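What follows is a single structure, written as structure tokens, with notes after it.
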2 protein chains.
Amino acid sequence: MTRRQYGQFCGLAMGLDVVGERWTLLIVRELMAGPKRYSDLLEALDGIGTSLLASRLRQLEDAEVVLKRRLPKPSASLVYQLTESGRELSRALLPLALWGVRHQTHAPKQPDDMFRAEWPLVFIAQLIDGDVTRDARYTYRFHIDGSSATIRLRDGEVSVTESDADDPDGDVDVDITMDAATIVDVSAGRLSLTEAVTDGRIVFDGNASAAALLVEALPERITIDSGLIDQT
Amino acid sequence: MTRRQYGQFCGLAMGLDVVGERWTLLIVRELMAGPKRYSDLLEALDGIGTSLLASRLRQLEDAEVVLKRRLPKPSASLVYQLTESGRELSRALLPLALWGVRHQTHAPKQPDDMFRAEWPLVFIAQLIDGDVTRDARYTYRFHIDGSSATIRLRDGEVSVTESDADDPDGDVDVDITMDAATIVDVSAGRLSLTEAVTDGRIVFDGNASAAALLVEALPERITIDSGLIDQT
DNA sequence: CGGAATCCTCTTCGATACTG
DNA sequence: CAGTATCGAAGAGGATTCCG
């Protein structure tokens, strides 16, 4: 069984041969918030159908975008995670995600739309200026429309993970609360970060200097070019 | 008939709801080389099938990524072209295309792979540094594996168009010849521009200072981050 | 002739059921 | 928990036909 390919000698077409099918890039997005198990993916990607997920994961493994790994001792569960190539792909998705949120926000939020706090955060995390956060070791827990996710700054690295809202996890420095419409307005550049804060649409609670550092490390206003600015 | 949507309140998912279906992004890539007629698109996108092309164009019009326009007087033919939103999308595709060419070049080139000189050039043109070319008015004709395309620098703007190799078009300043493997190696960063020139894999013929300007305006070596560097 | 709509076949997707 | 098997529905590919 040979998958449908475009048969074009072109970077975009070759990329789409690998990650252009339905659901594939959303699986990659899920794994941008750390390694996940098969059933985590199945739960996050409502509607995917179990055999299609299995098939997509196999394709991504074959393309060396994703690898399957058995977690050490206590858990011993199988997880899927991004390879180096997968992480490079995830950086290439930021401009596309910013374009999508900027041009394609139909209604503010359909009542039956799915939403997870990690979805915007894996992209916004890419906008954090590493020079500003180089020596910081802070943990931010976001609460957005009933969903929670955590951004950690460690040794100049930024990581995003999902989190249960009532997970004790005592190392949280700042709790940040907003609704889904707000983070989309900010992501689309319709609302600047300070506007959102002064309007009370984003509420910080906890270590004030940690909160200030995060605001300083993010662009004041996200533009379509934010994803194009070199972050080295 | 309601199109298949992901139903997720996420920028990437919303973007893919519009441009994530088969062929859609390749239609956008075609229009990055200027307005084209229906039958031009049908010819360039081998295998698409006429009714699918019509349907995709209608979706892109509805999403205001593409618009249909009647050309003035003499030709009076219908052309499709990118809107401002479509041009922003095309900028967001550069990192994805660079990822694709870097990680997914299977064999050097399958003998039955389609190829057009404009395909790599619409992306490479985005890497041209506008500060360097601000006052230049040069025309470069590329000849790659039997296919030709033209890059024009005008008033700080860069445009790419397809061109018939034997089109007289007397305003060409430099002819640039290479094979498809070379431009892919350069795009993937496996070969630097000066290496390619000194190895004779890229041959310039014409106005030497125009040629030197183009080389100066391009990155010496294309990296996965080249698409992420702000070009303002 | 350019720009499609129709029809038919084949493939892919989505959902449910089932298995190691 | 991590998938495979199955099957009806939707989408894609190719040829032909239609319209202005």
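Residue numbers begin at 1 in each chain, while the letters A, B, ... track the order of the sequences. Keep in mind it's a predicted model, so treat the numbers as computed, not measured.
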Q | Neighbours of DNA chain C within residues 30-38 of chain B, by heavy-atom distance under 4.0 Å | A |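 Within residues 30-38 of chain B, the residues near DNA chain C are B:R37, B:Y38.
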Q: Any chance you could list the contact pattern along nucleotides 13-20 of chain D? Use B for base contacts, S for sugar-phosphate-only contacts and - for none, protein heavy atoms under 4.0 Å, 5' to 3'.
A: SSBB----
Q) For the helix from C:dC1-D:dG20 to C:dG20-D:dC1, what is the angle between the axes at its two ends, each from 5 pairs, rounded to 10°? A)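 Axis-to-axis angle, ends of the helix: 30°.
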Residues in side chain to side chain contact (heavy atoms under 4.5 Å, CB included) with [X], at least two apart?
{"X": "B:L52", "answer": "B:W23, B:I48, B:R56"}
{"X": "A:R137", "answer": "A:R154, A:D155"}
{"X": "A:E84", "answer": "A:R87, A:E88"}
{"X": "B:E64", "answer": "none"}

Taking only residues two or more places apart in sequence, or in another chain, which ones meet [X] in a side-chain hydrogen bond (donor to acceptor under 3.5 Å, both in side chains)?
{"X": "A:R116", "result": "A:E118, A:E162"}
{"X": "A:D40", "result": "A:R37"}
{"X": "A:D62", "result": "none"}

(Q) Please verify the inter-ring angle class for A:W119 with A:F115; under 30° counts as parallel, over 60° as perpendicular, anything in between as tilted. (A)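 Perpendicular: the ring planes of A:W119 and A:F115 meet at over 60°.
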Q: Kindly state each residue pair satisfying ring-ring contact (aromatic ring centres under 6.0 Å, His included) with at least one member in residues 30-69 of chain A, sequence neighbours excluded.
A: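 Sorted result for residues 30-69 of chain A: empty, none.
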Q: For B:Y80, enumerate each residue passing the ring pair (Phe, Tyr, Trp, His ring centres under 6.0 Å) test, keeping only those at least two apart in sequence or located in another chain.
A: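 Ring pair (Phe, Tyr, Trp, His ring centres under 6.0 Å) list for B:Y80, sorted by chain: empty.
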